[in-house]
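These notes concern the structure reproduced below.
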Amino acid sequence: MAARLLSLHRLFPFPLLLLPLFFSIPFTNGSLHYETLHLFPLQNPTPVSHSYLLTETLTLDATSATSLHLRIAHRDALFPSNSTPDATFLRRLSRDTYRVSYLTSSAHPKPNSTARPSAGSGFTSPVISGLSHGSGEYFTRIGIGTPATSSFMVLDTGSDIIWLQCAPCHHCYTQVDPVYDPRRSHSYSVVPCLSPVCRHLDSPGCDTHRRSCLYEVSYGDGSLTAGDLATETLSFSGGTHVSGVALGCGHDNQGLFVAAAGLLGLGRGPLSFPTQSGRQYGQRFSYCLVDRTSITAATRTSSAIFGDMAVPGNATWTPLVRNPKMETFYYVEMTGISIGGTPVAGIAASDLKLDPMTGKGGVIIDSGTSVTRLAGPAYAAMRDAFKAGAAGLREAPGGFSLFDTCYDLSGRKVVKVPTVALHLAGGGVVQLPAENYLIPVDTKGTFCFAFAGTESGVSIIGNIQQQGFRVVFDGVNERVGFVPRGC
């Protein structure tokens, strides 16, 4: 698979009337611009009830014919554990590592690679999905079929297909809800082998006895889902429904999936939900993810909007870039990065640019990656510029997990940090709040610079950096927008 999303850094002991203090205004100290960061220790997210996702957003009309509104929640809030905040955060980083590995391998497929065949099916179908190693981060709740079976689904911009577990199950992992049974739905229909929809799969399979289309999705850790490609009705709170949606009805599902019935793919491919619901919602959607550990989650909710109301008038826009080798992901062109209001000199345009001939490089916006990854040379230049600007902070030796730049801020309540801004093609500048790039990683007062380098060449803007922004995907005009404080 973004607003003030996955930042695990807030424990607000203050009344809500003081919250505006945390939206600090950058100021200048010498030649660099700085921002005030209020420090709060790492904590586990506040649990939310499962019925929370069935409640419509407070300020939006979910019954609009041209717009669809969904509440979404992070997996750690929906399915809390008894783990310490430190352990919860480390698990999150572990999932993130697997996801990034799979996304980068998908973006750079080997010329002679083949997809993993499903048991007994005799076919391969390398549909792309960013969900790997049970890494679905954000969930919503929708109805499947007629009458509707209510199910948790992972939302994922790195996936091109909608799928869910189906009865009868040959192999099924444990999910929260009863497994959907297509035999009880009046609107379920298998897709014929010769259907144009079946041909949207790269290598579709065919059940010759039933003449029905077969699909398979394989993941980087060996997990898979396989079964029938079918059409079905999806329903949402407020009485909204979308009919004839092609989805995978998985009778064989193996691996490290967690709790959800399946996945609602939000990628750019022909089988994703935005594409399939394009006639109804115009291939426009947006999401805004609040900081899942913040007290403001009680007053601001993570949400996704499809349709006309997904596109606000005050967004900072940048064009989408097409990767001819990989249609799934949302690529943008990042032209540079500023630290403290000064462009980082050591970042070359080639470090962040997509090569249209090979499909290598480029910058992907992804809902399911937590920590932003930058191509190695770009990250090193950015990190060094930040460290120079933050020289007054006490460094923590040794780094932490995938972070190599950390600070010991124990005993402090407020610090000043250099501003960080991402420069995008078209002149757009995304100014990140300080809590989006210097985050707590333990309960001892260690804070780390929330970026990491990658040797793959692919850069990914993760959801920690997206938190608090409404991120808008306008497929009609082929552009992506950012609205600060958009939740």
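We count residues from 1, following the sequence as given. What's counted below: heavy atoms across the whole structure, side chains too, no hydrogens, waters or symmetry copies.
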Starting at OG1 of Thr88, measure out to CG of Leu90 and round the result to the nearest 0.5 Å.
9.0 Å

Any side-chain hydrogen bond (donor to acceptor under 3.5 Å, both in side chains) pairs touching residues 372-386, not counting sequence neighbours?
Asp96-Arg373, Thr372-Gln465, Tyr379-Asp404, Arg383-Asp404

Are the side chain of Thr358 and the backbone of Lys360 linked by a donor-acceptor contact shorter than 3.5 Å?
yes

Do Leu409 and Thr446 make a side-chain contact, defined as non-hydrogen atoms from C-beta onward lying under 4.5 Å apart?
no

Closest approach of Ile339 to Leu32 (non-hydrogen atoms, all atoms of both residues)
O-CD2, 3.9 Å

Any donor-acceptor pair under 3.5 Å from Thr318 side chain to Ala425 backbone
yes

Could you walk me through whether Thr140 and Arg71 pass the side chain to side chain donor-acceptor pair (under 3.5 Å) test, one step at a time?
CA-CA 6 Å; Thr140 192; Arg71 275 188 169 179; over 6 Å; no

Is there a side-chain contact between Thr405 and Cys448, using heavy atoms and a 4.5 Å cut-off?
no

Specify the closest pair of heavy atoms between Gly340 and Pro418, including all atoms of both residues, with the distance to one decimal.
N-CB, 4.1 Å

Can you check whether Thr419's main-chain N or O pairs, donor with acceptor, with Gln431's side chain at less than 3.5 Å?
no

Find out whether Val417 and Tyr437 are in side-chain contact, i.e. whether some heavy atom of one side chain is under 4.5 Å from a heavy atom of the other.
yes

Minimum-distance pair of heavy atoms, taken over all atoms of Cys288 and Gly486:
SG-C, 3.3 Å

What heavy-atom pair brings Pro274 and Gly265 nearest, and what distance separates the two atoms?
CD-O, 3.6 Å

Check whether any side-chain heavy atom of Arg470 sits under 4.5 Å from a side-chain heavy atom of Ile305, and report yes or no.
yes

Whether Asp355 side chain and Gly359 backbone form a donor-acceptor pair below 3.5 Å:
no

Listed partners of Phe449 passing ring pair (Phe, Tyr, Trp, His ring centres under 6.0 Å), at least two apart
Phe386, Phe451

Qualifying residues under side chain to side chain donor-acceptor pair (under 3.5 Å), relative to Thr275, sequence neighbours excluded
Ser272

Between Leu37 and Val414, is the side-chain contact (heavy atoms from CB on, under 4.5 Å) condition met? List the steps.
CA-CA 6 Å; Leu37 174 63; Val414 179; over 6 Å; no

Qualifying residues under side chain to side chain donor-acceptor pair (under 3.5 Å), relative to Ser83, sequence neighbours excluded:
Ser81, Arg91

So how far is it from Leu264 CG to Ser151 OG, rounded to the nearest 0.5 Å?
11.5 Å

Does the pair Ile464 and Ile439 meet the rule for a side-chain contact (heavy atoms from CB on, under 4.5 Å), with working shown?
CA-CA 9 Å; Ile464 288 178; Ile439 67 171; 3.9 Å; yes

Contacts of Arg279 that satisfy salt bridge (charged side-chain N to carboxylate O under 4.0 Å, His left out) - sequence neighbours left out:
none

Taking the six-membered ring for Trp, are Phe329 and Tyr331 parallel (under 30°), tilted (30 to 60°) or perpendicular (over 60°)?
tilted

Those residues at least two apart in sequence (or on a different chain) that pass side chain to side chain donor-acceptor pair (under 3.5 Å) with Thr454 are Ser456

Could you give me the CA-CA distance, side-chain angles and deciding distance for Val471 and Val480, then say whether side-chain contact (heavy atoms from CB on, under 4.5 Å) is met?
CA-CA 7 Å; Val471 183; Val480 173; 4.2 Å; yes

Please answer whether the main-chain N or O of Ser338 pairs with a side-chain N or O of Thr342 as donor and acceptor at a distance below 3.5 Å.
no

Value for OG1 (Thr157) from CG (Asp160), rounded to nearest 0.5 Å, stands at 10.5 Å

Atom pair CD1/CE of Ile72 and Met153 - distance to nearest 0.5 Å
14.0 Å

May I ask you to test the Thr84-Phe89 pair for a side-chain heavy-atom distance under 4.5 Å?
no

Closest non-hydrogen contact found for Thr316 with Gly428 is CG2-CA, 3.5 Å

Side chains of Asn323 and Val321: does their closest heavy-atom pair fall under 4.5 Å?
no

Spacing of Phe447 atom CZ and Phe400 atom CZ [to the nearest 0.5 Å]:
12.5 Å

Check side chain to side chain donor-acceptor pair (under 3.5 Å) between Ser401 and all other residues, then give those that pass, not counting sequence neighbours.
none

Any donor-acceptor pair under 3.5 Å from Glu137 side chain to Ser367 backbone
no

Is there a donor-acceptor pair under 3.5 Å between the side chain of Ser277 and the backbone N or O of Gln280?
no

Just so I know, are the side chains of Phe469 and Pro433 near enough to count as touching, which here means a heavy-atom distance under 4.5 Å?
yes

Report all side-chain donor-acceptor pairs from residues 344-353 shorter than 3.5 Å, counting only partners two or more places apart or in another chain.
| unit_1 | atom_1 | unit_2 | atom_2 | d |
| --- | --- | --- | --- | --- |
| Asp351 | OD2 | Ala348 | N | 3.0 |
| Lys353 | NZ | Glu333 | OE2 | 3.1 |

Holding to side-chain contact (heavy atoms from CB on, under 4.5 Å), I want the full list of residues that pass it with Leu247, two or more places apart in sequence or in another chain.
Ile162, Leu164, Glu232, Leu234

Could you list the residues that satisfy side-chain contact (heavy atoms from CB on, under 4.5 Å) with Ser410, not counting sequence neighbours?
Arg394, Asp408

Can you name the side-chain contact (heavy atoms from CB on, under 4.5 Å) partners of Asn82, sequence neighbours left out?
none

When Tyr287 is tested against each of Phe482, Tyr138, Phe473 for ring-ring contact (aromatic ring centres under 6.0 Å, His included), which residue passes?
Phe473

Trace of the side-chain contact (heavy atoms from CB on, under 4.5 Å) decision for Met382 with Ile337
CA-CA 7 Å; Met382 178 193 191; Ile337 298 170; 3.9 Å; yes

Between Glu395 (side chain) and Tyr407 (backbone), is there a donor-acceptor pair under 3.5 Å?
no

Under 30°, 30 to 60°, or over 60°: which ring-plane class applies to Phe152 and Phe139, parallel, tilted or perpendicular?
perpendicular

Just say parallel, tilted or perpendicular for the rings of Phe273 and Tyr281, cut-offs at 30° and 60°.
tilted

Closest approach of Leu266 and Phe285, non-hydrogen atoms and distance?
O-CZ, 3.7 Å

Side-chain donor/acceptor of Asp308 to backbone N/O of Val311, under 3.5 Å:
no

Separation of Leu155 CG from Leu70 CG (nearest 0.5 Å):
7.0 Å

Establish, from distance only, whether the side-chain atoms of His69 and Ser303 form a donor-acceptor pair under 3.5 Å.
no

With sequence neighbours left out, what residues match Glu478 under salt bridge (charged side-chain N to carboxylate O under 4.0 Å, His left out)?
Arg268, Arg322

Arg479/Asp474 salt bridge by N-O under 4.0 Å criterion
yes

